[in-house]
Every structure is written in structure tokens, then in C-alpha cells.
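Down below is the structure, laid out as C-alpha cells.
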Amino acid sequence: MANDNNYKKSKIGDHALKPETMMMSYGYNPQLSEGSVKPPVFLTSTFAYQTPEEGEEFFDIMAGRKPAPAGSVGGLIYSRFNHPNVEIIEDRLSLFEGSECSVVCSSGMGAISAILLAYLRPSDVIVQSAPLYGGTETIIRKFLPQFDIKTAEFHDGLDESGMLASLRAAGEKGRVAMVFVESPANPTNSLVDLAALNRVLDIIEKEAGHRPISVCDNTLMGPVFQQVVPQGIDIAMYSLTKYVGGHSDLVAGAVCGSRDMLRPVRATRGTLGLNLDPHTSWMISRSLETLSIRMERAASSGHKVAQWLATNPYMPAKVLHPDFIQNERYQAVYKRQCSGPSSTFSFVLDVPKASAFRLINNLSIFKSAVSLGGSESLVCHPSSTTHSGVAADLRDKFGITHGLIRLSIGLEHPDDLIADLDHAFRATFK
Ligand SMILES: *Cc1c(COP(=O)(O)O)cnc(C)c1O
């Protein structure tokens, strides 16, 4: 006999189901929607309560006056707060990230805004790894200081004593409320040692009597090759626009963590109007079904392309792909924190900008565009586009030179991508 609870099933006997399996079913009960195997798009702004008593209870839960029943975030009220399509993808993304719950937002920047506005107050200090995604740099360095929130940074996420020194120095400026890191970071794939960061936060907590909240932007490798919440980071943040959406046809973001940690983030999302709409949520539920096979295929092709670049016969290239970065400390952290390399990486040629542009112009399969993680392969010249707003001395420090070119490897056949590169390198440098 059919079991009406199959849609919440995460085990068969003692066997725990994998996230890949649950992407097709978890959190959606077909019997509540005419047996429709796939969730309908719930195009409605508001939801009817069965009784006024129920309406009162839903508002008490939403406003935090009453705890939600176990395993729930409260009833459906109004689509700015919640709706079925967003709840389905929040449940499913949590399975992949290994977090208790998730809050999905209308963009990655919306997710970052909800986190920062939920947890930072005037006179607080936020410490960041550097460089971060350009939009994150703008909100931290330009927007937050207008509200008297101070900023500090560290540049080497593999240097534990350096991170501790930076956090102690930041504490001189005020209460350190948050540490925001991106690992791996774009475009160099530099890493932050998350276990070392946790140890540093333990020390700061003892010294300052308050533990800063840790946030990691997990867009590049997560949730398939890296889960940060199970590694002790309080909040994982995603631009779902990239690998999770995966087809360059939508913009969305997410925040993952414990129910308690996300309560103020969820409240901020509802207050500011940062929720994702039902249609885009539905597109993400479709994308999640193929996420792991897409990321695995892209990663495998990316490794082959990186291998070709590292040994290409035309021009020596330094390949900033995690599998090819020759640094013992980096490799130890990479193997501990990640189960694979993602497919976004850069290579550095010792050439002027004009030659880098000529190479890009000679490519025909790779499209010249910003963004990453889509089904199509992209090529990007960060120093003149995504990172053109970063001060030149900082760009030099991070190695974002005019000869650095970033690739996002998609789902084309890897042999064709290598043929495209081979042709472009030959035409440019022969
Ligand atoms: C794209 C991106 C963001 C911002 O996300 P949007 O969905 O564009 O708002 C944040 N962090 C990283 C690493 C990104 O690649």
C-alpha cells in the first residue's frame, strides 16, 4: 500500500538515502496536488487558513512569539514570507549541504544582505578574507560603513597565526560580530583553512567573551564537492545562480545553517522582501535533480582542460586549478575540506593584456562572459572586468594580473574544449 509519508523518507531500514536520490522526491507530497508527480508552480500571493485560530498561530510562529512545531518552519501565510515551491528547494538544498535548514533568497547578493543585516549592528566589526566576490566586496567595504559598521581583513587563509593576529587587531576597533570568508576564492582558487578558522574563533571567544559568527560563501564547490556547515561553520551562503541553477537562466541565492542561526535571517528576508518567487524556485527544483551529475561531469572535464593547459606546447601557463596547485599546505587543506575540484579555475600567462585579449578572441566554443557554473563554458578576463574595481596594488598582491584568464568549464565534450584552446593558443602564440 502506498505510504503517504514517502516524500519525507530519508532512510530505507538502516540505509540512509543519498541527497541525489532525495532530489526527486523529498519535501513534496503528490497526494496534496492531484497526484502530480512534479510540484506545480504555486502562483499565489496568499494562503487560506482553515480557521482564524490557525492564522493566529501561523503569525505567532512567523513573528518568533511561538516556536514552530518540530521539523517545520511554520504554516503558509503570504508569498513574501514562504510558499510551497521555495520550501521544497530549502528542504532539498539542506540535504546536500548537510544543514538543519535553509533560507532561499532572490539572489546571492540578497542572501548576503539578509545575513549581514540580520547579524551586524552599528559599531560592530566584520572581518573578511580577501579577495571576495566583487558584489560582496562592495557591500562590505562601501555599504556597511555608511551604517558605522567597521571592516577588517586577512589575506592568507592558510596562515592560522596570521588569522588570529588579524582578528585580535580587529577587536581593537569594536565588537567583532562576524567573519565572512569565501573558499575557494575566485579567480585564484585560494582556500581558507576552516578548521584553523574554528580554532582561532575558539580563542577569540575566550578572550573577548563573544564568538563571532562564521560565514562561508560556498558557491564555487558546494554543495557537491564541499559542505561547510558539517565542518563547523555557522552559515553557508550560496549564489544559486551558478552551479546549483546550472544553466545560466536564473538568479537566486541561499543561506544554510541551524534553525536557530537562521531564524533572524528568515525574519530579515521577510521584512526586506528578499524571498525567491515560485517560478524560479520551481526551476531550481528541476536543476537540483541533475546537480551532482552536472558538477561531476564539469569537474572531470575541467581537470582534463587544466592538464592540457599545464602541458601545452605553445606558452608556459601557471594553472590555478586545485589539483595543480603545488603547495603542501594548500593540498592538505584541499584534501581535508573538499571532495573534488569544481570546474572554475584560472591560468596565468606571462603576457601583456593585448595578448590575453587576442587569445580570448581566438576562442570559438568558450563564450566571453562573466558568471560561472553554467552548462556552457565561459572565459573571463578578471583584471579588466570582475576585478577591475579592486585597487591595482591589491590585484598584484592576489596575483590577478593582465595575463590571468579564468575559465568556467561546462558540459561540452572535453575533447572539443581542448581543441578550441589548442587552436586559439596556436593562432595567438605560434
Ligand atoms: C555570483 C556570486 C555571488 C553573487 O550572487 P548573485 O546570485 O549574482 O547575486 C556571490 N558570491 C560568489 C562567489 C559568486 O560567484
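Ligands are counted one by one from 1 in listed order, and the atoms in each one are counted from 1 as well. Positions are given from 1 along the sequence. Bear in mind that the values here come from a model prediction, so they are computed numbers and not experimental data.
- For Asn327, the side-chain contact (heavy atoms from CB on, under 4.5 Å) partners two or more places apart in sequence, or in a different chain, are Ile325, Arg329, Tyr330.
- Salt bridge status for Lys38 with Glu289: present, with a side-chain N to carboxylate O gap under 4.0 Å.
- The shortest contact between atom 9 (O) of ligand 1 and any protein heavy atom is with Met109 N, 2.8 Å.
- The pair Asp350-Lys318 does not meet the salt-bridge criterion, since no charged nitrogen lies less than 4.0 angstrom from a carboxylate oxygen.
- With hydrogens left out, the protein atom closest to atom 1 (C) of ligand 1 is Lys242 NZ, 1.4 Å, a heavy atom.
- Of the options Thr241, Leu250, Thr344, Thr386, the smallest heavy-atom separation from atom 7 (O) of ligand 1 is shown by Thr241.
- Scanning the protein heavy atoms around atom 11 (N) of ligand 1, the nearest turns out to be Asp217 OD2, 2.7 Å.
- Looking at atom 8 (O) of ligand 1, its nearest protein heavy atom turns out to be Tyr133 OH, 3.9 Å.
- Protein heavy atom at the shortest distance from atom 6 (P) of ligand 1 is Gly108 N, 3.4 Å.
- Under 4.0 Å is where a charged nitrogen must lie from a carboxylate oxygen, and between Lys367 and Glu376 no such pair does.
- Contacts of Ala252 with ligand 1, taken as heavy-atom pairs under 4.0 Å, involve the backbone alone.
- Ligand-side atoms of ligand 1 in range of Glu182: 13 (C), range being under 4.0 angstrom from any heavy atom.
- From the protein, the heavy atom lying nearest to atom 5 (O) of ligand 1 is Ser239 OG, 3.1 Å.
- Every residue two or more places apart in sequence or in another chain that forms a side-chain contact (heavy atoms from CB on, under 4.5 Å) with Leu32 is listed here: Asn29.
- In this structure, Arg426 pairs ionically with Asp422, as a charged nitrogen and a carboxylate oxygen lie closer than 4.0 Å.
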query: Hey, mind stepping through Arg92 and Glu87 against salt bridge (Lys or Arg N to Asp or Glu O under 4.0 Å) and telling me if it holds?
result: CA-CA 9 Å; Arg92 293 184 186 174; Glu87 292 195 341; over 6 Å; no
